[in-house]
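Working notes, beginning with the structure itself.
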Amino acid sequence: MTQAAPFLLVIIVIALVLTAIAIAAGNKLARLKQLVRESWAQLDVALKRRYDLIPNLVEVCKAYAAHEMEVFERVVEARKKAIMVEGSAAKHLSSETALVASLNGMLAKVEAYPELKSNQNFLELQHELANTEDRIAAARRFYNANVRDYNTAQEQFPTSLFSSGHKLAEYFEIEDVQVRHVPPVVFERA
């Protein structure tokens, strides 16, 4: 029985070490999953702020450009669709991309109305929208960083051994074609 005692002690130590590793890996994944949820909630707040600003901006623009109703209706419809989406980042992507495109289209039309561009209400709303877009960008970066950490933890050893119950989180990246195109450089001769 004396020879079996050291062997049994080694087995117990190995079991305790493996249990500690499993607990640490599970706790790490749980913590990172909560960070992803928290950062999504912050991104969601920033998106809702944008949704709340858009109707005011549209109303101010309508007063100056009533014949551009189709543009305004696209923005309102895109906003409605974006508000209705619930769930993961992937579900939000297409509606957010459509909303950003319609909003950019409306703001491009505004360029034709100098009196609107100088209206104090419009300028304040445009400033608030710019601040909100900055907040959304910061929240998106924070969310995507947490998604990266969570997904990386699931794929790294030894955590990968214990991540079978976890799904990879989805990044939130709005496809903006204009951002991906290189702007043309034109030199004017004097």
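Quick note: residue numbers are just sequence positions, from 1.
A 4.5 Å side-chain heavy-atom check between Ile21 and Phe162 finds at least one atom pair inside the cut-off. By the 4.5 Å heavy-atom criterion applied to side chains, Leu32 and Leu35 are counted as neighbours. Under the 4.5 Å side-chain criterion, counting only non-hydrogen atoms from C-beta, Leu107 is in contact with Leu57. A 4.5 Å side-chain heavy-atom check between Leu103 and Leu129 finds at least one atom pair inside the cut-off. A 4.5 Å side-chain heavy-atom check between Gln42 and Glu38 finds at least one atom pair inside the cut-off. In this structure the side chain of Phe172 never reaches within 4.5 angstrom of the side chain of Val147, judged on heavy atoms. Within the 4.5 Å cutoff, no side-chain heavy atoms of His127 are placed close to those of Leu123.
If you take SG on Cys61 and NZ on Lys109, they are separated by 12.5 Å, rounding to the nearest 0.5 Å. Note that CD of Glu133 and CG of Leu53 are 9.5 Å apart. Values are rounded to the nearest 0.5 Å. One distance of note links CG of Leu93 with CD of Glu170; it measures 8.0 Å at 0.5 Å rounding. Asn121 contributes atom CG, which lies 12.0 Å from atom CD of Glu59 (distance to the nearest 0.5 angstrom). Asn131 CG to Gln126 CD: the interatomic distance, rounded to the nearest 0.5 Å, is 11.0 Å.
Hydrophobic clustering, with ILVMFWY side chains joined whenever heavy atoms are under 4.5 angstrom apart, keeps Val76 apart from Met84. The cluster map of Ile, Leu, Val, Met, Phe, Trp and Tyr, joined by side-chain heavy atoms under 4.5 Å apart, puts Leu29 and Leu168 in different clusters. Tracing side-chain contacts under 4.5 Å through hydrophobic residues (I, L, V, M, F, W, Y), one never reaches Ile11 starting from Val17; they form parts of separate clusters. If you chain together hydrophobic residues whose side chains sit under 4.5 Å apart, Leu8 and Val10 never meet in one group.
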Worksheet item: Should Tyr171 and Asn151 be marked as a side-chain contact (heavy atoms from CB on, under 4.5 Å) after you check the CA-CA gap, both sets of side-chain angles, and the distance that decides it?
Response: CA-CA 10 Å; Tyr171 287 96; Asn151 290 347; 4.1 Å; yes

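Residues Val60 and Tyr64 approach most closely at O-CD1, 3.4 Å, considering heavy atoms. Listed here is the closest heavy atom pair of Gln154 and Ser163: O-OG, 3.2 Å. Nearest heavy-atom pair, Ala169 versus Val36, reported as atom, atom and distance to 0.1 Å: CB-CG1, 4.2 Å. Contact record, Ser95 with Val85: OG-CG2, 3.5 Å, taken as the closest heavy-atom pair. Closest of all the heavy-atom pairs between Asp52 and Arg79 is OD1-NH2, 4.4 Å. Across every non-hydrogen atom of Leu99 and Val75, the tightest pair is CD1-O, 4.0 Å.
In summary, Asp44 and Lys48 engage in a salt bridge, as defined by a charged side-chain N under 4.0 Å from a carboxylate O. Ion pairing between Arg50 and Glu96 holds under the 4.0 Å rule for side-chain N and carboxylate O. One finds no salt bridge joining Arg74 and Glu77 here, because no Lys/Arg side-chain nitrogen approaches an Asp/Glu carboxylate oxygen to under 4.0 Å.
Around atom NZ of Lys62, more than 12 heavy atoms belonging to other residues, nucleotides or ligands sit under 6.0 Å away. Surrounding CD of Glu155 are more than 12 heavy atoms belonging to other residues, nucleotides or ligands, all under 6.0 Å away. Other residues, nucleotides and ligands contribute over 12 non-hydrogen atoms within 6.0 Å of the CD atom of Glu115.
Among Lys167, His166, Lys33, the one residue that satisfies the side chain to side chain donor-acceptor pair (under 3.5 Å) test with Tyr150 is His166.
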